[in-house]
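When reading the values below, keep in mind they use all heavy atoms of this one structure, side chains included, and skip hydrogens, waters and symmetry mates. Counting starts at 1 for both ligands and their atoms, in listed order. The model shown is predicted, which means the values in this text are computed figures rather than measured ones.
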Amino acid sequence: MKLQEYRSKEILAQYGVPLQAGTTATTPEEAEAIARTIARPVVVKAQVLVGGRGKAGGVKLAETPEEAARHAEAILGMSIKGITVRTVLVAPAANIASEFYLALILDRAAKAITVITSAEGGVEIEKTASTHPEAILRMPLHPLIGLQEHNIRRVAFFLGISPDLRREFRQVLRGLYDAFVGTDADLAEINPLAITEDGRLTALDAKIVLDDSALARHPDLELMRDLNEEERSETAARQAGINFIKLDGSIGCMVNGAGLAMTTMDLVKLAGGEPANFLDIGGGAKADKVAAAFRIILDDPNVKAILINIFGGITRGDEVARGIVEARTTLARHVPMVVRIVGTNAAEAAPILAEANLITADSLDEAAAKAVAAARADA
Ligand code: GDP
Ligand code: MN
C-alpha cells in the first residue's frame, strides 16, 4: 500500500526525521488560510500517488497566501499521470542548496534491507541509474543487526556530507531506518533530501510503501489507505477476500491458489494471449465468491474472455461448477468462459458445465489455447 507524501512525512517526523510537515487542503481558501499561518514562502504540492509531480506542474512555490490560493486552484482538479488531484499539501518552502536521494528498500535478491542513495537528488532514481549508475550507492544492511554506525558513515562519505552535518544526517538515516522497520515497509524514500541555504538537512518529499501482508499488524496505518487512488477492482477484491492484481491483458483469470494462478498466467502468455489479472479466489469457491470474482474481472472493459482454472482439493469441483453457473446469471456483461476443473468431484462437475454450455478443457494448455482463441474471436 502506497502512502501519500503527507502521510509518509507524518510517519518520518514521528521517527525524528527533520522536515516541515505542513497541512493539507482541499480548496484554495483552505490553502490560503494555511499559508497565512506559515512564514513565507510556502510550497503547494499535489498529493497523488505518482512521482514526477514537480515536472507535471503539481509543485509550486508561493510568496503570499493569495498566491498559494491561486496555485492551489490550479493544482486541485489537475490530472497527473491520469490521477485527479483532490488534495494539496501546503508547507513552509525551503531554500535549497543541494538535493540528495536517500531510500531504503527491501531487496529480495540480497535478502536484506538495502540503502540506495545518490548525490543527484530531485530527479527520478531510475534516470540516474540508466545515465550514470556509478552515482548510486547500493548497500545491503546486515539482516540481523540492521543499520550500524559504520553504515551511516559510509553513506555520509559517499554523499559528501560535511562533518558539521554528520549528526543531523545520522538522525535522518536512523529515523528512516526505524520508520522502515517500525511500519513493515517495502520502501521508504526521501527525494529530495535537501541541504538548505542555512545549512540544515530537511526531507522535502517522502514516500513510504507498506507491505500489504504485514498491514494486519498496523490497524493505524490501514486507516491511511487512499481509496480514491486504489484501483476500484482491487478495493472490491480486498473486501471480498480475493487476492487480485489488475493487469493490462484481455484474458480474465479465475484460479484457486496463488501458484496455480501464476502458472495459468504463464500458459496464457505461452498460448499467445495476455492475462488481464492475477486472481486467487482462495478455498471453497461458493457462488457468492465466484460472483464477486466475476464482477471484479468484468469491471475491466479490456476483458474479452475468462479462463477459470480450479483444482479441487478440499474444494469440490461440482460445487464450484454450480457456483459458476449460478453466478453467471447475475452478470451485467457476458464474455466467453473457458472452464477447467480437475481434482475432487471433477466428474460430477462436467455435466453441470456441459448443460450450461460453457467451454470446457481437460488440460491447462488446452484451456489457455481456447481462452486465447475465444478472446480473439470476440475482439
Ligand atoms: P516529485 O516531483 O513528485 O518528486 O515532487 P517533489 O516533492 O520531490 O518536488 C519536486 C521538486 O520541487 C523538488 O525536487 C524540488 O526541486 C522542488 N521543491 C519541492 N519542495 C521545495 C521547497 O520547499 N523549496 C524549493 N525551493 N523547491 C522545492
Ligand atoms: Mn520527489
Side-chain angles (χ1 to χ4, degrees), residues 2-13 17-25 31 34-35 37-65 67-68 70-72 74-105 116-131 135-136 159 168 172 176 179 185 187-209 226 228-229:
K2 289 186 195 166
L3 297 181
Q4 295 286 7
E5 174 191 2
Y6 74 95
R7 301 285 203 189
S8 306
K9 282 183 167 171
E10 262 170 55
I11 293 172
L12 292 185
V17 174
L19 55 84
Q20 301 271 15
T23 308
T24 56
I34 296 161
T37 67
I38 300 175
R40 50 223 59 152
V42 298
V43 60
V44 182
K45 310 181 74 178
Q47 296 300 287
V48 284
L49 296 173
V50 290
R53 294 165 302 162
K55 236 181 258 160
V59 177
K60 295 254 188 269
L61 296 172
E63 292 297 333
T64 64
E67 195 184 358
R70 283 197 298 279
H71 287 327
I75 294 171
L76 288 164
M78 162 191 279
S79 169
I80 300 181
K81 296 184 183 165
I83 300 168
T84 305
V85 181
R86 295 163 195 269
T87 305
V88 290
L89 177 63
V90 183
N95 275 322
I96 304 174
S98 49
E99 298 179 281
F100 304 100
Y101 178 97
L102 181 65
L104 291 168
I105 60 156
I116 297 181
T117 194
S118 170
E120 308 203 353
V123 291
E124 281 168 43
I125 194 74
E126 292 81 1
K127 202 166 270 172
T128 312
S130 66
T131 52
I136 299 173
L159 294 176
E168 213 171 319
V172 172
L176 188 66
L187 169 79
E189 176 188 277
I190 302 173
N191 185 30
L193 170 66
I195 297 181
T196 59
E197 297 283 2
D198 58 352
R200 306 297 306 270
L201 274 172
T202 181
L204 287 188
D205 183 17
K207 175 173 160 190
I208 294 180
V209 180
D226 193 326
N228 280 326
E229 279 194 49

How about Thr87 and Gln4: do any of their side-chain heavy atoms sit closer than 4.5 Å? no
Would you name the heavy atoms of Glu229 and Gln47 that are closest together and state the gap between them? OE2-O, 3.8 Å
Heavy-atom pair with the smallest gap, counting every atom of Pro192 and Glu99: CG-OE2, 3.1 Å
Check step by step if side-chain contact (heavy atoms from CB on, under 4.5 Å) holds for Val59 and Val44. CA-CA 6 Å; Val59 177; Val44 182; over 6 Å; no
Which protein residues have a heavy atom under 4.0 Å from ligand 1? Val43, Lys45, Gly51, Gly52, Arg53, Gly54, Val59, Leu61, Ala93, Ala94, Ile96, Glu99, Gly122, Asn191, Pro192, Leu204, Asp205
Distance below 2.8 Å from the Mn ion (ligand 2): protein N/O/S atoms: Asn191 O, Asp205 OD2
Are Leu102 and Thr117 side-chain neighbours, meaning at least one heavy-atom pair lies under 4.5 Å? yes
Could you check if a side-chain atom of Lys2 sits within less than 4.5 angstrom of a side-chain atom of Ser8, using non-hydrogen atoms only? no
With side chains defined as the heavy atoms from C-beta onward, is the minimum distance between Leu187 and Ile208 less than 4.5 Å? no
Quick one: does Ile190's side chain get under 4.5 Å of Leu19's, heavy atoms only? no
Using side-chain heavy atoms (C-beta onward) and a distance below 4.5 Å, is Arg53 in contact with Asp205? yes
